[in-house]
Amino acid sequence: MSEHQQEQDPTTYDVTAVEEKWRPVWDRLQPFRADDDSPREKKYALTMFPYPSGDLHMGHAEVFALHDVVARYWWQRGFEVLNPMGFDSFGLPAENAAIRNDEHPATYTKANIAKSIESCQKYAASFDWTRTFNTSDPEYYRWTQWLFAKFYERGLAYRKNSPVNWCPQDQTVLANEQVVQGTCERCGAEVTKKELTQWYFKITDYAQELLDGLDELERTWPDRVVTAQRNWIGRSEGAHVDFAIQGREEPVTVYTTRPDTIFGTTFMVVAVDAALAEELVTDAQRPAFEAYREEVRKASEIERLATDRPKTGVDLGVTATNPVTGEQIPVWATDYVLADYGTGAVMGVPGGDQRDWEFATAMGLPIVRTTEVPEGFEGEAYAGEGPAINSPAPGVASALTLNGLSVADAKRAAIDFLEEMKVGRGAVNFRLRDWLLSRQRYWGAPIPVVHCPVDGEVLVPEDQLPVLLPELRGADLKPQGTSPLAAATEWVNTSCPTCGGPATRDGDTMDTFVDSSWYMFRYCSPHETDRVFDSAKVNAWMPTNLYVGGVEHAVLHLLYGRFFTKVLNDMGLVDFREPWSAQLNQGFVINQGKKMSKSLGNGVNLGEQLDAFGVDAVRLTLVFAGPPEDDIDWANMSPEGSLKFLQRAWRLSGDVTSEPGLSFDTGDVALRRVTARTVHDAAELVESYRFNVVVARVMELVNATRRAIDSGCGPADPAVREAVEAVAVLLSLVAPYVAEEMWERLGNNPDHDRTVARAGWPAVDPALLVEDTVTCVVQVKGKVKARLEVAPDVTEDALREAALADPDVQRAIGDATVRTVIVRAPKLVNVVV
RNA sequence: GCCCCCGUGUCCCAACCGGCAGAGGAAGGCGCCUUAAAAGCGCUGUGGUGCGGGUUCGAAUCCCGCCGGGGGCACCA
């Protein structure tokens, strides 16, 4: 068959030929380049930039397809759309590959980025490639370093020594957010604790604001992200209470959420790994304490987290004074108290806290209930509602009495009393910890600090940025527990920017989450060479109108990016405090009910799917599969079916016999109504992210048009052209190639100088949305007995009358008495007998 | 253990504020077209919406209690 004949085949189009035909056209037209100076209203459609770990996979295909629906929709609606794409290209996989292959991580990174860009373009994602960048590019990471310096100057970056999460596999420390169930988020190895001096960002300064901001985001962000962030920030309210310690000047302050239970405090417990425990222990108890601490340190994080293991501890040999009773209580060290939460010390109230109950039971300490337990209560500690008792206990003298008060009232009274006596005060605590940002690995942005024996920590001056990575490759990069940078002697040894004397560079690199905390700003002015970004442009484009990405970043990237934005606002660089106004999380593409994995052998190769069904059919399948947030089981999907539908839609464009540009006014009204309704509803559906329903509606329109052509108004009717043009524009959101092909076949783009993607949203005549009759359902006792065609503005009385007059309704009522008639004009009447 | 989301036909999924349970697709069945098959075109849906209660004229939708699935937090005082 000649090529000419193939083009003339009336039933199917050649998927590959169509893809090859339009790509160069789009390359030439560049229809998705965002113009900063456009007079149109701006929309910023952002999707999480990928780590270039290889070629694109099904997961990328899904996000990009969903995201593209909105970006392309906004273009069609006449907005100027910023839809950028770049690469989060620092990180471990490149480094590990470089060690394996004895090369530089940049080699692997560059190759993967080139491959990914090529695939994105074939996939026809509407990204503006003039704005792309990679975070591992010195032109980018110099500004990552600059931001670090600014944070440092504001007191938001600091170094401290403390026990940190350590991944023995990756040989680096991890942020709290990167430890999942005691294991490394990246490699799954069991995380251990290590005492190290590390860099932190003071995200806790913003804890309250990060929490408050969620109230607003709740309306436009997915619930699960908002709740995950709320839980992670973990605000709690309670009190700080000072306990005097025998033979010690300073009291020990504890944090409690239940100051009302203070009369039940029968001991105090201090975190065994806190400095406080070390300070408090008596000489007599020191050997026992040190032995216990040694034992605790050997335990893994997973063991430590197990809530069902028995409570252990050691008596520190000192006593504390209960500030409300004057009673002497023992002070113990234990591993069930966390050193880095609250004050690292807790008042032990076994009657009201299950952990304290278990500890008291194990150690033979007394238990006093301070809340009356309900009838029939069979548990141990009781933390519920009830009147206070034993507060104080009979025979105990105290200036404070809480007996009989509810939990809330007792809390308030206890705090008032503590404040008055100056032995405590109301307090708020957050679960959120500061963000540990140093990493002992190579492929990241070096921390721009020099350590000088004279001047201490000195920032590398702005004009000396970027601090470039030394050229290391292969075995030089092997993780050894200290950064490979520290071993690059020539690089490490430098002079102090302040005094000029010999000094050393900080050998750690930054967490790659630092890179991705500000990339959305950079897209607004990606080519700036003398500043981090152009604030005016950032303020013009941001906050982003949409952010599409995976829910796995709920407490990582999505929290860090919010933090950065608040700091940038405080610095006066941006005029908003939240970076992403709306957010959409897509589900996973799974196969046969399970996550795709090499070990299961259930992986679906994107390239093979694209070869077999074409870009459009794969995109359509992903968009049509279901709500975007739901997982897609590829085994249940039918890309064949998608392609069949696209062929069917395409066929319509060949059947249209009218000329382009004609007026639709005289067209078949029934079909015109379907078109108008579809176009109108599609807009609302896209805006509420119900893309699968949009596709279903387009399928209906295609079916209706098919019927109109074959057995209705015929192919020459203007309404048919109107419908098919609408199909092409609507399909351009999901299946850009076939939409373009249809548009051309309709005679609309003979010179290939304009793409259907920018054709504009079809105009809808509002008159066509108004129905002249509505079907009214008449129920008798809730069962449908008749249907009436009525005017949409029919009055209640007229409708009631018409319904009761209907013979079928009369028959259904029979000789029963009509008790009430519920009328919901114009759609429903319910006769109650 | 606490918190959040979900459960509709064989499968994937629709159904605005409570108002006709079924839009769309897949699979299956039947027919037309064809010498035949594929493609195409058309026709084809008894599941009382996981279970049990409740509210209501009316419940997939709201409330309560279960069951099942997914997610978040978890020795955070």
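Residue numbers start from 1 in every chain, and the chains themselves are labelled A, B, ... in the order their sequence lines are given, proteins ahead of strands.
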*Asks:* Pull up the glycosidic torsion of B/G48 and say syn or anti, syn being anything within 90° of 0.
*Replies:* syn
*Asks:* Could you please spell out the steps behind the side chain to side chain donor-acceptor pair (under 3.5 Å) verdict for A/Ser236 and A/Tyr341?
*Replies:* CA-CA 11 Å; A/Ser236 79; A/Tyr341 181 78; 3.3 Å; yes
*Asks:* Between A/Tyr689 (side chain only) and A/Pro627 (backbone N and O only), is there a donor and an acceptor less than 3.5 Å apart?
*Replies:* no
*Asks:* Categorize A/Val337 for me: base, sugar-phosphate, or nothing, with a 4.0 angstrom heavy-atom threshold over every strand shown.
*Replies:* base
*Asks:* For A/Ser236, which contact category applies under a 4.0 Å heavy-atom criterion: base, sugar-phosphate, or nothing?
*Replies:* sugar-phosphate
*Asks:* Taking only side-chain nitrogens and oxygens of A/Arg431, does any of them come within less than 4.0 Å of OP1 or OP2 of B/A74?
*Replies:* yes
*Asks:* Would one find more than 12 heavy atoms of other residues, nucleotides or ligands at under 6.0 Å from atom CD of A/Glu801?
*Replies:* no
*Asks:* Just name whichever nucleotide pairs with B/G1, Watson-Crick or G-U, keeping both distances under 3.5 Å, else none.
*Replies:* B/C73
*Asks:* Would you verify whether the NZ or CZ of A/Lys311 falls within 45 degrees of the ring axis of A/Phe359 while also being under 6.0 Å from that six-membered ring's centre?
*Replies:* no
*Asks:* Nearest to the side chain of A/Arg707 - B/G24, B/G42, B/G72?
*Replies:* B/G42
*Asks:* Classify the nucleic acid contact of A/Arg648 as base, sugar-phosphate or nothing, counting any heavy atom under 4.0 Å across all strands shown.
*Replies:* sugar-phosphate
*Asks:* Over all heavy atoms of both residues, which pair between A/Arg824 and A/Ile822 is shortest? Give the atoms and the distance, please.
*Replies:* NH1-CG2, 3.8 Å
*Asks:* With syn defined as a glycosidic angle within 90° of 0 and anti as everything else, classify B/C13.
*Replies:* anti
*Asks:* Would you say the side-chain atoms of A/Asp434 pair up with the backbone N or O of A/Thr204, donor to acceptor, closer than 3.5 Å?
*Replies:* yes
*Asks:* What does B/C20 pair with, Watson-Crick or G-U, if both distances are under 3.5 Å?
*Replies:* none
*Asks:* Under 4.0 Å between a Lys/Arg side-chain N and an Asp/Glu carboxylate O for A/Arg309 and A/Asp335?
*Replies:* yes
*Asks:* Would you classify A/Arg433 as touching base, sugar-phosphate or nothing, given that sugar-phosphate means primed atoms plus P, OP1 and OP2, and contacts are heavy atoms under 4.0 Å?
*Replies:* base
*Asks:* Could you write nucleotides 2-17 of chain B as a row of B, S and -, 5' to 3', where a protein heavy atom under 4.0 Å of any base atom gives B, of only sugar-phosphate atoms gives S, and otherwise -?
*Replies:* ---------SSSSSB-
*Asks:* Any base atoms under 4.0 Å from A/Asp356, or only sugar-phosphate, or nothing? Heavy atoms, all strands.
*Replies:* nothing
*Asks:* What is the base-pairing partner of B/A27, counting Watson-Crick and G-U wobble geometry with both distances under 3.5 Å?
*Replies:* none
*Asks:* Under a 3.5 Å distance rule, please check whether A/Asn591 uses its side chain to pair with a backbone N or O of A/Asn602 as donor and acceptor.
*Replies:* yes
*Asks:* Might you list the N or O atoms of the protein lying below 3.5 Å from N or O atoms in nucleotides 55-59 of chain B, with each pair's distance?
*Replies:*
| unit_1 | atom_1 | unit_2 | atom_2 | d |
| --- | --- | --- | --- | --- |
| B/C57 | O2 | A/Asn830 | ND2 | 2.4 |

